[in-house]
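For reference, the structure is listed below as structure tokens.
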Amino acid sequence: MGRCLKAYLYIFLLLISFSVIASQEDKLYEAARSALNNNKYSEALIDVRNILKTSPEHLASHILMAEILLANGSASAADVALSKALTLGADKKQLQLLFAESYIMQGQYNKTLDYLPEHTNNDKLAAKIYVLRGDAHLGLRQLKLSQNDYHTALAFNAKNIDAKLGLAQILVNYFKYRQADKLVDEVLAGYIPPIKAWNLKASIQQSLGNNELALNAINKALLIDKKNIQSLIFASTINIELQQFDIAEQYADSVLEQIPNEPKAEFLKAMVQVRKNKNAVLENPINKVSQVLDHLSEDVLRSNPSYYYLASIILFHQQKYEAARQYVDAYLFVDENNINALTLAATIELIEKKPIQAKMLLRRADFLEPNNPKILSMLGMTYLELKQYDKAYIHLAKVKELKPDLGIADTQLAQSYLATGQPEKAIDHLLTASAGQYNPTMVGLLLVESYIKSGEIEKGLSVAKKLAVNMHRNANIQHHLGYVYQISGDIDKAIKQFEQALIIEPNHTKSVVSLAKLDYTNGNVDAAINRLKEALIISGNDIYLITTLAKLYNRNNNSAASVFLLEEQFKLNNKNEELLKILLVSYVGNKQLIVAIETLNTYLLNQRKTVELYLILASLQTMNSDVTSAVNAYKTAIKQDGDKGKIYLLIANVYQRFSQVPEAISAYKKARAWDENNEKIIIDLAVLYNAENDTASAIKLIKAFEASHHLSDQLVEVLANAYLRTKQYDLAEKYYNKRIEAASNDSSVVGLNLVYRATMRINKAVDVLTKSLNESPNSLLLNTAIAELYIEELKWSKAEEVYQKLVRLYPNNPAILNNAGYVALNLSDYQRAKVLVKKSLALVDNQPDSLDTLGWVYYHTEEFNKALPLFRKALAINNSNLAVKYHLALTLKALNRDKEAIKLMVVVVNSDYSQKVVASALLEQWIK
């Protein structure tokens with residue numbers, strides 16, 4: 001008996017300790033929220049961090065931390081907090097505004113535009129999204145697009161302050177300072193204007209030369225938040241203009257105390273030092289040029305762009321190509337039509353194996369100077385590398401026309417014809433006198449290839465033999481003859497020729513590989529592997545030998561050996577794309593998917609970027625279930641000039657696979673143009689439209705398809721669903737009946753039931769469900785439909801009977817348990833309601849509906865302190881749930897937290913909440 005009592009006391013004390021911890025967390029959370037509202041960011045962070053020390057998975061605190069960090073200007077840290085919130089179950093949609101804000105603060109404008117949806121059905125949310133899109137476009141200097149976004153935001157919400165300030169910023173960029181100032185004054189006249197309005201006011205006044213007025217505005221901003229990063233930077237800038245250098249430096253230091261190495265603050269300090277003549281002189285001339293450029297104003301640089309071009313030339317000759325490209329880009333920003341700068345930039349891109357970027361630069365150069373043979377030749381060979389053969393031919397033929405006797409022109413045209421399967425025309429160019437004088441060996445090799453591809457193998461063999469005789473000590477040429485023998489079917493002579501190449505060059509790689517491949521083809525796998533291994537003893541770092549051996553290992557299901565072989569080599573040669581691709585295949589084969597992704601990401605960060613590599617990355621990220629990264633990789637492939645139709649369809653497939661509806665709609669819309677008769681695209685897109693409440697588009701899509709195609713049963717039901725959503729009940733009934741007559745299923749029966757309910761034919765609704773339930777008594781869909789009907793009719797006892805049955809049939813279904821709990825709540829059976837909903841939450845602890853139901857039960861049992869954290873958690877997961885906001889407002893009022901309760905109830909009253917009339921009446925009572 002004593003032991004049992006001790007155990008009971010231990011459990012009781014443990015439960016009390018958990019309760020105390022939860023209570024303390026709630027107090028700290030509310031304190032942090034209050035501190036944030038009062039711009040006391042340090043206090044807020046301390047409270048949140050204290051919560052996370054004891055409860056590292058406290059979702060609401062991670063989200064609150066992100067809000068605090070964003071308010072404090074620490075965008076990258078906020079990004080980390082938001083990512084953690086996602087891993088804890090937060091709804092990505094509910095965090096999208098915070099993520100977008102962090103991206104903008106980090107200058108990731110394109111990422112912001114890719115991330116934010118283009119459409120939403122919530123006007124208030126749409127206004128906020130368009131403001132953020134406007135901010136991103138503004139960051140990219142896309143002023144018209146930005147202006148359109150801000151106007152669209154105001155169309156959704158005419159009182160949106162951020163949209164007005166955005167439009168003011170646009171006017172500033174058009175140098176319309178007076179008009180901008182007027183807009184800002186409208187915002188400042190409102191109740192508690194935001195700090196960024198004062199910042200913008202200061203910026204405008206500074207641009208107008210009114211530094212004292214600017215300083216007055218920025219001082220008002222600092223009264224609101226003395227640690228605001230933007231305000232401090234403005235204060236420093238204005239004081240530099242007023243030659244108050246010590247004060248300016250203090251403001252810059254205040255920024256650096258909060259964010260060490262903040263670029264603008266560092267730059268302002270450098271400017272102060274230059275003004276004070278404290279800048280040190282560096283010996284290295286390139287560093288000196290960089291220092292001078294850093295300290296020159298934008299106006300000076302625009303007037304003297306040669307600084308940029310000078311730096312790019314110096315860096316190019318030092319083979320510092322990336323730095324040279326940055327400076328030549330800066331020069332082209334000022335003088336975008338300079339031919340020398342364009343060709344220099346293109347040359348750098350070709351050296352760096354970035355033909356797509358080179359093509360863009362050369363096209364602009366060609367437009368400016370159409371008949372320049374150098375530009376045409378470079379552009380033609382760039383197109384050839386990109387496999388855009390028609391364009392390559394046009395440009396190379398133009399070179400031949402301009403310079404008929406230029407040998408390289410014939411050789412390049414021959415390469416173009418070979419690439420497009422026209423060897424006969426290639427032969428014609430290779431036999432010209434000018435080509436022969438250009439490079440006899442290259443011409444000979446191209447002739448052999450051309451003769452073989454044209455079916456004239458004997459002629460090709462004859463040229464190959466002549467090359468072998470003339471260059472009898474050249475192992476490559478001897479191997480080339482062996483290759484010709486091999487494709488002609490004379491394997492013995494091929495082997496003899498490969499061995500001859502090895503006599504000249506004992507470890508001639510091509511010949512070793514050719515002999516190993518012949519071993520493998522003849523079934524001698526071990527002999528092939530051993531031959532390659534022996535060659536590697538002599539030539540340990542030969543890429544061709546290593547990759548050939550790795551491929552043999554992979555073919556024989558020995559990816560571990562392939563990985564072991566390739567990893568060491570890749571450390572030594574991490575720029576080799578072929579080595580990389582085989583290593584990635586080997587990692588996947590060896591079940592090292594994450595390692596494959598990390599390796600490819602590192603390569604793309606530092607080396608050549610190609611469409612193929614981004615498609616591979618997208619495929620790997622999809623295998624890893626990382627949708628965002630997969631889509632970003634696909635979009636980057638498009639930017640690298642990939643096939644848009646193919647890639648957008650791949651993007652749509654990824655989004656559909658992971659149930660990301662809005663994003664899939666956007667991708668399918670772009671893919672449709674490439675295959676408009678594909679019914680699968682029509683079905684998927686229509687379903688997605690319905691899911692996004694854009695049923696008009698779904699109907700339009702299907703009806704257009706129906707005009708020229710027979711609709712499948714599935715598409716008939718999708719159309720019926722769309723008509724139901726748009727309250728076109730006659731048409732919905734017609735298509736549901738058509739579907740049921742062809743092949744009845746539960747979903748179409750439930751749809752027809754909804755039509756009957758909407759048209760007040762309740763008996764018919766009951767009949768159609770009852771009839772189907774007689775055939776499928778345990779159907780989850782049919783049972784929940786009839787229970788919903790009873791709830792709508794306030795027949796709670798009948799609904800209870802159905803849910804008791806469903807709980808027995810589906811005891812581990814969280815939604816069923818929650819709904820059953822809700823029915824029990826409405827029957828005032830609070831104890832049963834608690835048991836059911838707690839069981840639901842035990843299965844899925846982050847389900848907002850279940851959290852709300854349990855909180856609502858506690859509200860009815862007047863356990864308000866237990867209800868409060870549940871509503872908070874539900875809103876952290878889904879901040880747009882108006883029912884939860886309504887319930888939370890009532891709970892706050894019950895706890896005598898009137899100010900917060902009123903503020904939240906205002907949000908509910910100004911929404912489209914179904915109980916807004918009741919909410920409005922309550923609000924009026926509270927305000928009195």
Side-chain angles (χ1 to χ4, degrees), residues 37-39 70-73 97 101 104-105 123-124 126-242 244 247-248 251 255 264 268 903 906 910:
N37 291 336
N38 291 304
N39 300 320
L70 285 173
N72 199 31
L97 296 179
E101 188 177 346
I104 289 170
M105 290 175 69
D123 287 359
K124 293 289 177 63
K128 294 176 183 178
I129 287 173
Y130 275 104
V131 166
L132 290 169
R133 292 184 68 85
D135 292 345
H137 281 303
L138 184 59
L140 292 168
R141 305 292 301 163
Q142 297 169 343
L143 301 184
K144 287 292 184 184
L145 293 175
S146 181
Q147 190 174 40
N148 290 340
D149 286 333
Y150 292 136
H151 279 304
T152 304
L154 288 171
F156 282 109
N157 182 3
K159 296 181 180 180
N160 191 296
I161 290 173
D162 294 326
K164 289 184 179 180
L165 292 175
L167 287 173
Q169 188 65 60
I170 295 292
L171 290 168
V172 168
N173 279 272
Y174 285 127
F175 310 107
K176 298 179 180 179
Y177 299 113
R178 303 291 180 189
Q179 294 178 41
D181 198 43
K182 185 178 178 181
L183 262 179
V184 174
D185 284 341
E186 286 181 22
V187 174
L188 292 173
Y191 180 69
I192 310 180
I195 192 170
K196 60 183 174 181
W198 286 114
N199 287 337
L200 185 52
K201 177 77 173 178
S203 174
I204 292 168
Q205 292 302 326
Q206 186 183 18
S207 298
L208 290 169
N210 302 324
N211 288 322
E212 294 294 342
L213 290 176
L215 191 60
N216 181 56
I218 215 64
N219 285 336
K220 289 185 177 180
L222 290 169
L223 284 175
I224 298 171
D225 181 6
K226 65 182 180 180
K227 292 186 176 182
N228 183 273
I229 300 298
Q230 189 177 14
S231 302
L232 289 167
I233 287 172
F234 271 128
S236 180
T237 305
I238 295 165
N239 277 285
I240 287 173
E241 290 295 318
L242 293 171
Q244 300 293 325
I247 298 173
Y251 281 122
V255 174
K264 290 179 182 177
L268 288 169
K903 183 178 179 181
V906 168
N910 289 331

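If you're wondering where the values come from, they're calculated on a predicted model, not measured in any experiment.
- For the pair Q205/D181, a side-chain contact is recorded, criterion being any heavy-atom separation below 4.5 Å from C-beta on.
- Considering CD1 of I238 and CG of N216, their distance stands at 10.0 Å, rounded to 0.5 Å.
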- Let me see the working for E186 and L183 under side chain to side chain contact (heavy atoms under 4.5 Å, CB included), right down to the final yes or no. CA-CA 5 Å; E186 286 181 22; L183 262 179; 4.1 Å; yes
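- Residues I129 and R133 form a side-chain contact, since some pair of their non-hydrogen atoms from C-beta on lies under 4.5 Å apart.
- Annotation: the span from H137 atom NE2 to Y130 atom OH amounts to 9.5 Å, rounded to 0.5 Å.
- Under the 3.5 Å distance criterion, the side-chain polar atoms of N239 are matched with a main-chain donor or acceptor of A235.
- Closest approach of A217 to K201, counting heavy atoms only: CB-CG, 3.8 Å.
- L138 and L143 get closest at one heavy-atom pair: CD1-CD2, 3.6 Å.
- Nearest approach of V184 to A197, heavy atoms of both residues: CG1-O, 3.5 Å.
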- Item | Verdict with reasoning, L222 to L232, per side chain to side chain contact (heavy atoms under 4.5 Å, CB included) | CA-CA 8 Å; L222 290 169; L232 289 167; 4.0 Å; yes
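- Looking at every heavy atom in both residues, Q169 comes nearest to L200 through OE1-CD1, 3.2 Å.
- Between atom CD of residue Q147 and atom OG1 of residue T152 there is a gap of 10.5 Å, rounded to the nearest 0.5 Å.
- Of all the heavy atoms in N160 and K128, the pair that sits closest is ND2-N, 4.4 Å.
- Note that the CG atom of L167 and the NZ atom of K164 stand 10.0 Å from one another [nearest 0.5 Å].
- Atom CG of N199 sits about 10.0 Å away from atom CG of L165, to the nearest 0.5 Å.
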- Query: Between D162 and Y150, is a side-chain hydrogen bond (donor to acceptor under 3.5 Å, both in side chains) present by the stated rule, with each step listed?
  - Reply: CA-CA 8 Å; D162 294 326; Y150 292 136; over 6 Å; no
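- Between atom CD of residue Q179 and atom CG of residue L171 there is a gap of 5.5 Å, rounded to the nearest 0.5 Å.
- Taking 4.5 Å as the limit, every side-chain heavy atom of I224 sits out of range of all side-chain heavy atoms of P193.
- S236 and A248 get closest at one heavy-atom pair: OG-O, 2.9 Å.
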